[in-house]
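Both backbone and side-chain heavy atoms feed into the values below; hydrogens, waters and symmetry mates do not.
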Amino acid sequence: MTYSELLALSLQIHNTLRGNPKRPPGWLDSLREAARLRQEAVSANPDMTGPGWERHEQYMSFYRDVGVI
């Protein structure tokens, strides 16, 4: 997968959970997967150039805050 596909998939997972007032079973595992995909995207594009990186640090900070990374 390209870095942009990885970021898009991560965002899709994240957005599926956002706005859901009840946390569905396995929600932390889903967030772990979203974070993993973002980390894989960094490996694919370590300079983090191109579209999709604008809010990367905010997402990663959130994942650290909830303890999934």
Pairing residues for [X] by the side chain to side chain contact (heavy atoms under 4.5 Å, CB included) criterion, not counting sequence neighbours:
{"X": "Ser43", "value": "none"}
{"X": "Met1", "value": "Glu5, Leu6, Leu9"}
{"X": "Ser61", "value": "Arg64, Asp65"}

Which pair of heavy atoms, one from [X] and one from [Y], lies closest together, and at what distance?
{"X": "Val68", "Y": "Leu28", "result": "CG1-CD2, 3.5 Å"}
{"X": "Arg38", "Y": "Ser10", "result": "CG-OG, 3.2 Å"}
{"X": "Pro46", "Y": "Ala44", "result": "CD-C, 3.7 Å"}

Residues that [X] engages under side chain to side chain donor-acceptor pair (under 3.5 Å), provided they are two or more places apart:
{"X": "Tyr63", "value": "His14"}
{"X": "Gln58", "value": "Arg55"}
{"X": "Asp29", "value": "Arg32"}
{"X": "Glu33", "value": "Arg36"}

In one Ile/Leu/Val/Met/Phe/Trp/Tyr side-chain cluster, 4.5 Å: Tyr59, Leu31:
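The answer is yes; both residues are in one hydrophobic cluster.
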
Selection residues 28-56 - residue pairs positive for ring pair (Phe, Tyr, Trp, His ring centres under 6.0 Å), sequence neighbours left out
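Passing the test, one end in residues 28-56: Tyr3-Trp53, Trp53-His56.
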
Any pair with a residue in residues 15-47 that passes ring pair (Phe, Tyr, Trp, His ring centres under 6.0 Å), sequence neighbours left out, goes on the list, sorted by first then second residue, please.
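For residues 15-47: none.
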
Start with the C-alpha distance between Leu7 and Leu37, add both sets of side-chain angles, then the distance that settles side chain to side chain contact (heavy atoms under 4.5 Å, CB included), and finish with yes or no.
CA-CA 7 Å; Leu7 290 177; Leu37 290 166; over 6 Å; no

Enumerate the salt bridge (Lys or Arg N to Asp or Glu O under 4.0 Å) contacts for residues 11-22, please, sequence neighbours excluded, ordered by first and then second residue.
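Applying salt bridge (Lys or Arg N to Asp or Glu O under 4.0 Å) to every pair that reaches into residues 11-22, excluding sequence neighbours, yields nothing.
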
Ser4 OG to Leu11 CG distance, which is reported to the nearest 0.5 Å:
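Taking OG in Ser4 and CG in Leu11, the distance rounds to 12.5 Å.
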
Worked check of side chain to side chain contact (heavy atoms under 4.5 Å, CB included) between Arg23 and Leu17
CA-CA 8 Å; Arg23 294 184 171 147; Leu17 296 171; over 6 Å; no

